[in-house]
Amino acid sequence: MITLTRTGAAENVALITLNRPTALNALCRQLMQELSETLLKVEHDSTYNVIVLTGSEKAFAAGADIKEMAKLEFADVFQKDDFFANWDTLYHIAKPVIAAVNGFALGGGTELALMCDIIYAGENAVFGQPEVSIGTIPGLGGTQRWPRFTNKSIAMEICLTGDRISAHDAKEVGLVSKVFPTQQLVAEAVILADRIAKNSPLIVKTVKKSVGTAYETSLNQGLEVEKHLFQSTFATNDRREGMSAFSEKRAAKWSGN
């Protein structure tokens, strides 16, 4: 249910595609297990610097697999650690992840995109949290990331009504970085990945950690983390190489150390 393709100008971009077309990429256990395994494979392969996560032009992911969830009871989702076991893998990946979202990204599909670092959307993309309409609530970050990435009012409206918003509306409220024609989307995401991949992989991971801290701590705590991470770069060969290359007006040669 997952495909992995090596792409990008230097072939150091991992294009991971959700591939369950008969169910609009509904996020079942098998798909999430395969996604987790693929993400960890890419994470531990130093020949990949950036990840692009996408689905089909019709659906990024239409949501969690409701047919699979409908038969579960409280004890199944409360006591069994494996119910959401593979969902957090994406959030903990150290390499940058760009979501290229076309079509439906509803419920768990939106939550999956929100775990990524950057969201690019196709013009046909649709986001939403319809869980309230089926008698439950978002359980994988929908109620927590929407207010952090947009604002409380938008988050309440989306989660309380189950309404959907378009790609352009998602960009307007700050959920999406850029919107592109549907067929152009993945190529644009790879172009962005190439731009990121030209930088030191070590420093890129450090930037991701620092920006991520801003959403989980107070400003003062975040500034302390940023300061320490900045200081830590002075122990790296890539910081020395980057500044030397700048002074010598040449391209840097990153070692990842």
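Heavy-atom basis, side chains included; hydrogens, waters and symmetry copies ignored.
- Under a 4.5 Å side-chain heavy-atom criterion applied to ILVMFWY residues, the cluster that includes Ile191 comprises that residue alone.
- Within a 6.0 Å sphere centred on CD of Glu73, other residues, nucleotides and ligands contribute 12 heavy atoms or fewer.
- The hydrophobic clustering, which links ILVMFWY residues whose side-chain heavy atoms are closer than 4.5 Å, places Val97 and Leu175 together.
- Within the 4.5 Å cutoff, no side-chain heavy atoms of Ile158 are placed close to those of Phe127.
- Clustering ILVMFWY residues whenever any of their side-chain heavy atoms sit less than 4.5 angstrom apart, transitively, puts Ile118 in a cluster other than the one holding Val101.
- Proximity of Arg164 to Thr110: side-chain heavy atoms (C-beta onward) are nowhere separated by under 4.5 Å.
- Put simply, the side chain of Leu18 reaches to within 4.5 Å of the side chain of Leu112, judged on heavy atoms.
- Taking CG of Leu90 as the reference point, atom CG of Asp117 lies at 8.0 Å (rounded to 0.5 Å).
- Cluster annotation: Phe60 is not connected to Leu24 through the hydrophobic network of ILVMFWY side chains, with a link wherever side-chain heavy atoms come within less than 4.5 Å.
- Within the 4.5 Å cutoff, the side chain of Arg250 has heavy atoms near those of the Ser244 side chain.
- Note: the hydrophobic cluster containing Leu35 does not contain Val50 (ILVMFWY, side chain heavy atoms under 4.5 Å, direct or indirect links).
- The closest donor-acceptor contact from the side chain of Thr143 to the backbone of Gly139 lies at 3.5 Å or more, if one exists at all.
- Counting only distance, with no hydrogens or angles, the side chain of Thr236 and the backbone of Ser232 share no donor-acceptor pair below 3.5 Å.
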Exercise. Stepwise, does the side-chain contact (heavy atoms from CB on, under 4.5 Å) test hold for Arg145 with Met115?
Worked result: CA-CA 9 Å; Arg145 292 191 172 100; Met115 292 182 198; 3.7 Å; yes

For this session: Would you check, one step at a time, whether the test side-chain hydrogen bond (donor to acceptor under 3.5 Å, both in side chains) holds for Asn102 with Glu57?
Result: CA-CA 5 Å; Asn102 268 323; Glu57 289 189 2; 5.4 Å; no

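- Looking at Asp194 and Val13, their side chains come closer than 4.5 Å, going by heavy atoms from C-beta outward.
- Within the model, atoms CD of Glu11 and OH of Tyr48 stand 9.0 Å from one another, a figure rounded to the nearest 0.5 Å.
- For residues 186-243, the set of pairs meeting the ring pair (Phe, Tyr, Trp, His ring centres under 6.0 Å) definition, not counting sequence neighbours, comprises Phe149-Tyr215, Phe230-Phe234.
- Under a 3.5 Å cut-off, the side chain of Asn25 and the backbone N or O of Ala59 do form a donor-acceptor pair.
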Scan the side chains in residues 38-45 for donor-acceptor partners under 3.5 Å anywhere in the protein, sequence neighbours excluded, and list what turns up.
from: Thr38; atom 1: OG1; to: Glu34; atom 2: O; distance (Å): 2.8
from: Glu43; atom 1: OE1; to: Ala94; atom 2: N; distance (Å): 3.4
from: Glu43; atom 1: OE1; to: Lys95; atom 2: N; distance (Å): 3.4
from: Glu43; atom 1: OE2; to: Ala94; atom 2: N; distance (Å): 2.8
from: His44; atom 1: ND1; to: Leu40; atom 2: O; distance (Å): 2.9
from: Asp45; atom 1: OD1; to: Thr47; atom 2: N; distance (Å): 2.9
from: Asp45; atom 1: OD1; to: Thr47; atom 2: OG1; distance (Å): 2.6
from: Asp45; atom 1: OD2; to: Thr47; atom 2: OG1; distance (Å): 3.4

